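Reckoned from all heavy atoms, side chains included, excluding hydrogens, waters and symmetry mates. A quick note: this is a predicted structure, and the numbers were derived from the prediction, not measured. The chains referred to below are lettered A, B, ... by the order of the sequence lines, with proteins before strands, and numbering in each begins at 1.
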Protein chains: 2
Amino acid sequence: MPYDPSAFPPFAVTVDLVVLTVRRHALCALAVRRGEPPFQGRWALPGGFVRDDEDLAQAAARELAEETGLRVHDPAVPAQDHGAHLEQLATYGDPKRDPRMRVVSVAHLALAPDLPAPRAGGDASNARWAPVDELLQQGGHGRDGEPVAPLAFDHAQILSDGVERARSKIEYSSLATAFCPPEFTVGELRRVYEAVWGVALDPRNFHRKVTGTPGFLVPTGGTTTRQGGRPAQLFRAGGATLLNPPMLRPEV
Amino acid sequence: MPYDPSAFPPFAVTVDLVVLTVRRHALCALAVRRGEPPFQGRWALPGGFVRDDEDLAQAAARELAEETGLRVHDPAVPAQDHGAHLEQLATYGDPKRDPRMRVVSVAHLALAPDLPAPRAGGDASNARWAPVDELLQQGGHGRDGEPVAPLAFDHAQILSDGVERARSKIEYSSLATAFCPPEFTVGELRRVYEAVWGVALDPRNFHRKVTGTPGFLVPTGGTTTRQGGRPAQLFRAGGATLLNPPMLRPEV
DNA sequence: ATCATAGTCGTCTGCCTGACGATAAACACT
DNA sequence: AGTGTTTATCGTCAGGCAGACGACTATGAT
């Protein structure tokens, strides 16, 4: 039976990216300014159309590289350069989510270490890291006073879902290390958890927990004083991806 | 700026369903026989095209109702009839996953109580509940000897992802009750966990855990002996959706 | 009456966590 | 050099929870 193109409605398929990082003790997301209607001039999540010959993950990795220069960390390549974590988040397909046409967006979540200022097609003023609080808050604005919220389309919902995914996933996986540089201290890792969860953690219990979980952290032998105070041991992320028992997020 | 249809490649968008239930102490999934090429005669997950005016969740709920007659349980309607749990699972978009054309499939996961025999367009021989082990195993076949594996397209991967989602989600949520009838006993709930995880659980510790978790179970006052032995209390699912601390899955 | 089956209540022990005291090693002052 | 500040790291203790398992209860089957 030949294929009948009239048997189904055509869709546009895009990937949108929730790229998270921790800057200045705050969980931040990458936002780009829209250059064309709809929502011209408003901030949005980076993204774009999936190409004809591309897998969804490939498209997301391509967009991520275009926006940030980040390569995706491939677990199959252990000795690889430090790269970002990228995973599929969810798919959004409300018929009215884009006023122009029927668009289904496959959102992806990327976790990246603190990066230099972003570039978007070479134009820095059209891309920025903004604290997720500002992006999700009614009338949110950056430190420069520019309004950054509300985001275009349904991107506030997508960002919110991505943040919630990240918050819950660092509980039971070693993903928090994706926010850290290749070598980091226990204190730096703790400040990642504190920024993502928005809580304060006891440094002593945190230290006991992460150093006592087999495979989570591997000491590199070096030390650093870049945080001030007593020199701290440097670690790399160990091979373990699942934490058992998990890291417990404190109650409200 | 007008919309330019040549700016993006057109996709077909479908929803595929991983419908899980527990039958005869085994985790089973709904499978339908394909009536046309490609993969004609092979078993596949139920699914279909998303319509022009439909949200993804609506499309999934419609397909679920068409295949099983199940309504989706809406948390906003507390006094509602018993219904299935339905949630988005993941999206699959490999360019070659369907040889006919570019198809992106938004897979959904549904959990249902044990149901009467399925119907697929009224033809029972073209739909069946099959243990997920048989569906995922090389050369798997049903009790009638008919081969049910491998599934068509990338449906083995989708089913595998859905099963893994269900296995992990009943750890920290009350979702296991979605496999049970409206009223059930602690033992019936335990057998759900045992079937989904494929392990044996201590009845005494399980009883202590589920009855001691506030909001998980609400006693209805009734009892039943349908399992034989001493009469057991009947419970309904309580309002709690998140279990804290979680139910622990025994080690290998 | 006896047995088999399933449900329910307790006990004990070990592990993990949260709370928090104490010490160590750097830097910035005076 | 001494003092204070900051961060890191080790230790202690009590409470909670889970795994192992004994004991008892209430039904139906033989």
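Between the A:Gln88 side chain and the B:Thr91 main chain, a donor and an acceptor come within less than 3.5 Å of each other.
Ranking D:dA26, D:dA18, C:dT17 by closeness to the A:Lys209 side chain, first place goes to C:dT17. The B:His207 side chain lies nearest to C:dC9 when the options are C:dC9, C:dC16, D:dG19. The A:Pro231 side chain lies nearest to C:dA25 when the options are D:dC13, D:dC17, C:dA25. Listed candidates were D:dT7, C:dG18, C:dT8. Nearest to the side chain of A:Gln227 is D:dT7.
Between the CZ atom of B:Phe206 and the C1' atom of C:dG10 there is a distance of 19 Å, given to the nearest Å. The CZ-P distance, from B:Phe184 to C:dG7, rounds to 13 Å in whole Å. Distance CD (B:Gln233) to P (C:dA6): 18 Å, rounded to an integer number of Å. Regarding B:Met247, its CE atom lies at a distance of 13 Å from the C1' atom of D:dG19, rounded to whole Å. If you take CZ of B:Arg249 and P of D:dA18, they are 16 Å apart, rounded to a whole angstrom. Rounded to an integer number of Å, the gap from A:Glu171 CD to C:dC16 P is 18 Å. Rounded to a whole Å, the CD atom of B:Glu188 is 11 Å from the P atom of C:dT8. Here D:dA18 presents its P atom at 10 Å from CG of B:Asn244, a figure rounded to the nearest Å.
In summary, of the residues considered (A:Glu134, A:His155, A:Glu146), a side-chain hydrogen bond (donor to acceptor under 3.5 Å, both in side chains) with A:Trp43 occurs for A:Glu146 alone.
If you find the closest nucleotide of DNA chain C to A:Asn205 and to A:Gly229, the one lying nearer the 5' end belongs to A:Asn205. Where A:Val186 and B:Asp202 meet DNA chain D, the nucleotide closest to each residue was compared, and A:Val186 sits on the side nearer the 5' end. Closest-nucleotide positions on DNA chain D for B:Leu248 and B:Gly228 were compared, and the one nearer the 5' end corresponds to B:Leu248.
Between the side chain of B:Arg204 and the base of D:dG22, at least one donor-acceptor pair of N or O atoms lies under 3.5 Å. A:Arg230 contributes a side-chain N or O that forms a donor-acceptor pair with the base of D:dA8 under 3.5 Å. In terms of polar N and O atoms assigned as donor or acceptor, the side chain of B:Arg190 never comes within less than 3.5 Å of the base of C:dG7 in a complementary pairing.
Contact annotation for A:Arg226: no contact, since no heavy-atom pair falls under 4.0 Å across all strands.
The closest side-chain heavy-atom distance from A:Tyr92 to A:Asp161 is below 4.5 Å.
Under 4.0 angstrom from either OP1 or OP2 of D:dA8 there lies at least one side-chain N or O belonging to A:Arg191.
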For this session: Apply the test side chain to side chain contact (heavy atoms under 4.5 Å, CB included) to residues B:Ile158 and B:Asp154: give CA-CA distance (whole Å), side-chain angles for both, the deciding distance (0.1 Å), then the verdict.
Result: CA-CA 7 Å; B:Ile158 298 176; B:Asp154 52 2; 3.7 Å; yes
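Contact check on B:Arg226 versus B:Glu183 returns no salt bridge, with no Lys/Arg side-chain nitrogen under 4.0 Å from an Asp/Glu carboxylate oxygen.
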